[in-house]
Number of protein chains: 2
Amino acid sequence: MNRNNITIPDVAKAAGVSKSTVSLALQDSPKLKTETKKKVMKAAKELGYVYNRTAANLRRRSSEMIGMVINDLTNPFFAELAVALERCFTDLGLVVMMANTSEDIKQQEKILRTFCEHGAAGILICPVFGTTQDDLAPHLAKGVPVVSVMRQIDGDEIDFIAPDTEAGTEAATQHLIDQGMTRLAFMGGLPETKVFQHRLRGFMAAIDRAGISHDHIEILPCIPNRTVANATIAQRISQGALPQGFVCYSDVVAFGVTFGLDRAGLKAGRDIAVTGFDDIEACTTLSPTLTSVHVFTDQLAKLAADSLMKRLKDSNRPISNQLVRTRLEIRESSRLIPPA
Amino acid sequence: MNRNNITIPDVAKAAGVSKSTVSLALQDSPKLKTETKKKVMKAAKELGYVYNRTAANLRRRSSEMIGMVINDLTNPFFAELAVALERCFTDLGLVVMMANTSEDIKQQEKILRTFCEHGAAGILICPVFGTTQDDLAPHLAKGVPVVSVMRQIDGDEIDFIAPDTEAGTEAATQHLIDQGMTRLAFMGGLPETKVFQHRLRGFMAAIDRAGISHDHIEILPCIPNRTVANATIAQRISQGALPQGFVCYSDVVAFGVTFGLDRAGLKAGRDIAVTGFDDIEACTTLSPTLTSVHVFTDQLAKLAADSLMKRLKDSNRPISNQLVRTRLEIRESSRLIPPA
DNA sequence: GTGAAAGCGCTAACAG
DNA sequence: CTGTTAGCGCTTTCAC
């Protein structure tokens with residue numbers, strides 16, 4: 001750490017005031033004359049004084065640091081979300097520190113412990129799949145508020161904010177059905193996760209409403225990343241006749257699928273329909289542009305930050321589960337019959 | 001912060017030992033019998049004790065926390081790099097906290113200050129463009145070691161690790177020249193940055209070696225992201241005859257260009273050649289696959305982590321500037337004449 | 001307004 | 001091996 005060893009007493013000496021005056025000045029306390037404060041700040045700056053928040057937090061028994069733990073920053077959607085969240089907290093005057101778990105529960109536990117040991121005031125988490133409250137508890141300081149985004153933590157005692165995935169997937173599926181498709185597949189995601197189940201439920205809801213036989217539909221789970229999705233679709237292609245449309249678990253899966261189809265000489269948006277979920281930036285700057293369920297990341301982030309703030313202030317408030325509406329963005333990948 | 005108020009004395013009481021024994025046990029000191037340690041750990045666990053690293057760091061006047069400040073996590077390359085860096089530090093037993101600056105110098109200053117106030121042992125930075133040593137200095141605790149990745153900080157007194165961008169771009173350019181192209185463009189990046197200058201220099205080196213007239217070449221700078229690159233190429237297309245190949249500043253720019261060309265009915269890899277730089281995951285899972293200069297992110301991360309570790313141990317060691325070699329990955333986007 | 005004094009939770013001698 | 005003691009740098013009553 002090799003800390004700058006100049007401390008409050010040093011500043012006090014330089015400014016010709018007492019320790020506590022400096023402390024007050026540093027906090028911009030109204031108890032001090034502006035003039036005094038200025039004198040102190042000037043001395044501090046000249047000496048290269050660095051506030052030791054560690055000591056302050058210790059003494060004050062509180063902090064303004066919130067720990068953000070993200071499951072996968074290499075997924076553009078989560079990166080976008082993380083950045084949005086960070087900005088929300090920053091705007092609220094909090095300092096946020098971030099860490100990536102790479103979908104690894106051990107790593108997640110370690111990070112949670114570390115954040116707590118460093119005195120995080122609260123935790124914002126996009127949990128690793130399958131995280132339960134019991135996984136979390138032993139690694140959290142008692143009383144540290146946690147809010148979860150995107151993925152719900154089993155136990156129902158943790159505030160949770162997510163897009164309405166079910167409605168979103170349903171809309172995407174309906175869009176394909178509206179074009180007359182009846183042989184459809186749901187592609188990507190891990191069946192044991194709630195997110196998968198919700199998205200699949202949305203898919204099935206549209207299928208059933210349209211009275212499509214379950215014999216016509218296909219479900220192809222896979223780890224939701226580009227590479228695995230690509231491998232999965234490649235294998236599926238080798239097994240014979242394809243459905244008319246793929247409703248994908250996420251954009252990243254949809255990209256993998258689109259590429260796999262491409263390698264087999266099939267064009268999404270011409271030979272076959274593909275939809276994604278998340279609506280990341282790439283959807284509109286790749287060819288074919290990808291039809292996707294837009295997630296209002298900024299809104300999600302704002303609600304999440306608000307929830308954490310509220311819980312920080314009142315740890316007894318009822319647990320809130322908030323679903324943010326989504327919007328289907330229709331683009332080329334799913335429009336087999338382009339508008340005239 | 002609402003901290004768990006159980007502390008070392010509480011654990012000591014529960015375990016029937018003294019404060020210092022607990023402290024030693026927590027550090028797994030060899031001075032204690034295994035049995036004693038176990039007893040202590042058990043008591044700690046039962047009480048839900050959370051180590052207060054804040055207090056420990058204060059007392060010990062050191063920390064194992066390194067602050068990682070990243071310019072843009074929404075750029076997949078930097079996200080990949082950040083994750084690789086994080087893993088390196090974690091493997092070294094350090095705890096890393098991350099923050100995103102969104103290419104904003106004010107935000108960067110704030111983050112640096114915050115990390116220092118929290119007692120970071122060292123800082124790993126992918127600095128905002130144009131960052132100078134003078135920008136950094138006032139916000140750093142005296143003596144905190146900093147190492148910079150990807151972008152060099154003016155002043156030459158900060159360890160620096162980056163890919164050999166000049167050689168990489170030169171190889172990409174040469175690859176196009178080898179296919180007989182003589183009308184080429186360098187696309188993307190901000191001219192006032194060193195990275196741009198280096199990449200352009202690599203480009204020009206190949207051009208000049210081939211004896212191509214400067215009248216045949218074009219330089220089209222732009223903010224290096226998908227959307228802006230796309231807008232820039234669209235405008236360029238409207239202005240008339242295009243070069244035979246685009247050597248792009250980065251993959252993200254290349255994707256923007258490819259998409260822009262596509263909208264104009266031109267296919268990269270068929271009508272025109274495009275190369276990128278960074279070789280992010282998407283290069284191999286989009287159609288056409290993108291020829292790119294591969295950056296060995298893991299190696300870069302490892303060298304950067306090592307550099308920071310070394311400086312942590314010896315603040316007087318000479319400044320090191322390390323360039324990591326790159327490798328051109330030739331794919332579809334640049335092969336106008338596919339191998340027979 | 002300002003200063004003196006106590007203590008946040010921990011570590012690190014040092015003596016037993 | 002264990003206990004005692006004195007702080008790390010800061011905030012915060014409480015007198016002045």
Side-chain angles (χ1 to χ4, degrees), chain A residues 1-40 43-44 47-65 116-121 141-143, chain B residues 1-40 43-44 47-65 116-121 141-143:
Chain A
M1 185 155 149
N2 202 359
R3 269 214 150 294
N4 190 338
N5 37 359
I6 99 104
T7 70
I8 285 197
D10 299 324
V11 179
K13 207 161 292 169
V17 297
S18 79
K19 268 177 57 168
S20 25
T21 305
V22 175
S23 177
L24 263 352
L26 258 22
Q27 300 172 63
D28 198 24
S29 156
K31 295 184 175 177
L32 262 39
K33 280 188 296 200
T34 319
E35 197 190 325
T36 315
K37 285 190 220 167
K38 269 191 188 149
K39 188 169 63 179
V40 172
L47 291 174
Y49 170 74
V50 175
Y51 185 66
N52 187 333
R53 205 167 284 275
T54 275
N57 289 346
L58 176 59
R59 176 59 232 239
R60 200 190 268 134
R61 314 179 97 251
S62 74
S63 91
E64 301 176 309
M65 191 262 275
C116 288
E117 290 181 355
H118 278 89
K142 203 182 339 174
Chain B
M1 177 158 153
N2 203 358
R3 268 216 151 290
N4 187 338
N5 36 358
I6 100 104
T7 69
I8 283 196
D10 299 324
V11 179
K13 208 161 291 169
V17 297
S18 79
K19 267 177 54 168
S20 23
T21 304
V22 175
S23 176
L24 261 354
L26 258 23
Q27 299 171 63
D28 197 24
S29 157
K31 295 184 175 179
L32 261 40
K33 279 189 297 200
T34 320
E35 198 191 324
T36 315
K37 283 189 222 169
K38 271 190 188 148
K39 188 170 63 180
V40 172
L47 291 174
Y49 170 74
V50 175
Y51 185 66
N52 187 332
R53 205 168 284 275
T54 275
N57 289 346
L58 176 59
R59 174 58 230 236
R60 200 190 267 133
R61 315 178 97 253
S62 74
S63 91
E64 300 177 309
M65 191 264 273
C116 288
E117 289 181 357
H118 278 89
K142 203 183 337 173

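What you see below is based on every heavy atom in this structure, not just the backbone, and it leaves out hydrogens, waters and symmetry mates. By convention in this document, chain letters (A, B, ...) are assigned in the order of the sequence lines, proteins followed by strands, and residues within each chain are numbered from 1.
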Between P on D/dG3 and CD1 on B/Ile8, what's the gap in Å once rounded to a whole number? 13 Å
Report yes if at least one side-chain N or O of B/Ser23 is closer than 4.0 Å to OP1 or OP2 of C/dT11; otherwise report no. yes
Listed nucleotide nearest any side-chain atom of A/Gln27, set C/dC10, D/dC10, D/dT12: D/dT12
What is the distance, rounded to the nearest whole Å, between atom CZ of B/Arg53 and atom C1' of C/dC10? 12 Å
Where the side chain of B/Arg61 is concerned, which of D/dC8, D/dC10, C/dC10 is the nearest nucleotide? D/dC8
Given the options A/Leu26, A/Val22, A/Thr21, A/Val11 meets side chain to side chain contact (heavy atoms under 4.5 Å, CB included) only with A/Val22
Going 5' to 3' along nucleotides 1-6 of chain C, which nucleotides have protein heavy atoms under 4.0 Å from the base (write B), which only from the sugar-phosphate (write S), and which from neither (write -)? SSBB-B
If only atom types and distance count, is the side chain of B/Ser63 paired as donor or acceptor with the main-chain N or O of B/Gly119 below 3.5 Å? yes
note: B/Glu35, atom CD; D/dC1, atom P; distance rounded to Å ~ 10 Å
Over how many whole Å does the gap from A/Glu117 atom CD to C/dC10 atom P extend? 10 Å
Nearest whole Å is fine: how far is D/dC8 C1' from A/Tyr51 OH? 15 Å
Figure out the CG/P separation between A/Leu58 and C/dG7, and round it to whole Å. 14 Å
Atom-to-atom span, CG of B/Asn52 to P of D/dG9 - whole angstrom: 16 Å
By side-chain contact (heavy atoms from CB on, under 4.5 Å) - contacts of A/Ser23 (at least two apart): A/Ile8, A/Gln27
Tell me: CG of A/Asp28 to P of D/dT11, nearest whole Å? 13 Å
Which heavy atom in B/Ala15 sits nearest to a heavy atom in B/Lys39, and how many Å separate them? O-CE, 3.6 Å
Keeping B/Lys37 on the side-chain end and B/Ser29 on the backbone end, is there a donor-acceptor pair under 3.5 Å? yes
Side-chain N,O (B/Arg60) to OP1/OP2 (C/dT11) below 4.0 Å: yes
What heavy-atom pair brings A/Leu58 and B/Ala55 nearest, and what distance separates the two atoms? CD1-CB, 3.8 Å
Of the non-hydrogen atoms in B/Arg53 and B/Glu64, which two are nearest, and what is the gap between them? NH1-OE1, 3.7 Å
